[in-house]
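Convention: sequence-line order gives letters A, B, ...; per-chain numbering from 1.
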Protein chains: 2
Amino acid sequence: METVSENRSFEGTQGVYSHRSEACSCDMTFGLFLPAEAADGPVPVLWFLSGLTCTHENAMTKAGAQAWAAEHGVALVFPDTSPRGDDVPDDEAYDLGKGAGFYVNATQDPWARHFHMWDYVSDELPGVLAEHFALDMDRQAITGHSMGGHGALTLAMSLPGRFRSVSAFAPICHPTQSDWGRKQLGAYLGDDETVWAPHDATLLMREAGFDGPVLVDTGTDDQFGDLLGTEHLAQAMAARRQEGQLRLQKGYDHSYFFISSFVEDHVAFHAAALYR
Amino acid sequence: METVSENRSFEGTQGVYSHRSEACSCDMTFGLFLPAEAADGPVPVLWFLSGLTCTHENAMTKAGAQAWAAEHGVALVFPDTSPRGDDVPDDEAYDLGKGAGFYVNATQDPWARHFHMWDYVSDELPGVLAEHFALDMDRQAITGHSMGGHGALTLAMSLPGRFRSVSAFAPICHPTQSDWGRKQLGAYLGDDETVWAPHDATLLMREAGFDGPVLVDTGTDDQFGDLLGTEHLAQAMAARRQEGQLRLQKGYDHSYFFISSFVEDHVAFHAAALYR
């Protein structure tokens, strides 16, 4: 593992690190904020999965989460959203290939060799973090934005016991029924839609739900609202009486200005679960 | 109007008053909490509509709302849930007749003469309040529990501009499709279901929504959860991108212990809208 940069931030450290990824067969880069408390021993971890077109850097520099993570003594992990490098295939569209890993393990060419973001985020990166940093991997929580909200919700429901709480900003809620989903799941996983189902938060909520609290914020003026399918997740949460909150925030759109406006609530929500 | 009782409460006054109701053709009783600020001039008003079997008294004595209304300088109105008196018809069931007015104007015998709770709460009682108390009727908000949550939501959406905010505890969300609804709407309004529709919060949310913030709390262990239809309102709120929050509170049931646990949030929510 190589240190790309480390900056003092809210009395802790905002680091960027790169390492060889077996899962993605390429070098991968991630951001990690460690609060001051990490100098004294392991701290709990909040994952932030980012959306289409993002690298590890966008949320790290624009979401404003470090202020609140420092207040609560929580670390923040910012993974990249896809494999990277000159030998990694890409697509001309913004929503496929690099920057659009969709948190699945691709089985279809040309994606099958590198695009294993599910394994990377759920298995390989946690191992790297546990090995190198003062993190309490028994206390993890997860959030994300848009495609990353999809990733956070599907990972949380698919890995019972891993995360104590899950939240999302403007998540893609029902990708098997959305243009943000059908295209990517088809390209990465093939035409058999039965293998898409484990990557659809609404379907997972209907079948299993999450053993902990859920918080979802979405703006009423989200310019991609029709692609998110929020109403399907809302129905599924209420129907199974899932502990949680769904908030429709008046006038907010899909941007990081929306995220930064409510990230304080999300970090506090996770801190309550992590320090319970 | 007659004063039944007045008690000092949180530096204000918890009163109970009775008056002749033209709408219900009987004497009606209501509770009114006035915060200390009412001595200096009109204060904003938060209505609390109660559920099946309740009188004006249950929420007044068990919800614990006065503490927070005093903190925010907001008055609380606690209407009764049906007409009362020996000459008012009743039913052996707990969910029809006295204590079960359902916030509609009955058109069917034997209910048509007295059971006009819609007119009472939306028109007559506001006039009584404005005449006798230091209330700012340009700043009103409304909440309620169960049948009263149904009433709060339907009144708020049917009277645009009247209420700045609406909330509900474990509301009946879709009465045209629930045993808590079909029985009462049929008895009071007759078999023509087209006249039921204006009294269904989910249908109103689908068609019009509410021009202000909405807050709904329901317990995940609500013993009447199947009768509430929360998932239908959740779907409708998210589909129209209604400004609002739906919270599913883990382990809470349908009781006043649930209400009192979250009434602080609801009063603060309304105060934010009333003092905007």
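Taking D226(B), L228(B), D217(B) one by one and counting their heavy-atom pairs under 4.5 Å with chain A, the maximum is reached by D226(B). Taking chain A as the reference chain and counting heavy-atom pairs below 4.5 Å, the highest number among G225(B), G229(B), G219(B) is found for G225(B). Listed options R240(A), E243(A), Q235(A) were ranked by heavy-atom pairs under 4.5 angstrom with chain B; first place goes to E243(A). Counting heavy-atom pairs under 4.5 Å between each of A234(A), A236(A), G251(A) and chain B puts A234(A) at the top.
The line from CD of Q184(B) to CG of L96(B) is 6.0 Å long, rounded to the nearest 0.5 Å. Y252(A) OH to T218(A) OG1: the interatomic distance, rounded to the nearest 0.5 Å, is 13.5 Å.
The part of D222(A) that comes within reach of chain B is its backbone (N, CA, C, O), which places non-hydrogen atoms under 4.5 angstrom from that chain.
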Q: Begin from the C-alpha positions of H199(A) and T154(A) and carry the test side-chain hydrogen bond (donor to acceptor under 3.5 Å, both in side chains) through to its verdict.
A: CA-CA 6 Å; H199(A) 297 284; T154(A) 54; 5.0 Å; no
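Counted by atom type alone, T176(A) and D200(A) present one or more donor-acceptor pairs between their side chains at under 3.5 Å.
None of F48(A), F262(A), F169(A), Y256(A) except one satisfies the ring-ring contact (aromatic ring centres under 6.0 Å, His included) rule with H145(A); the exception is Y256(A).
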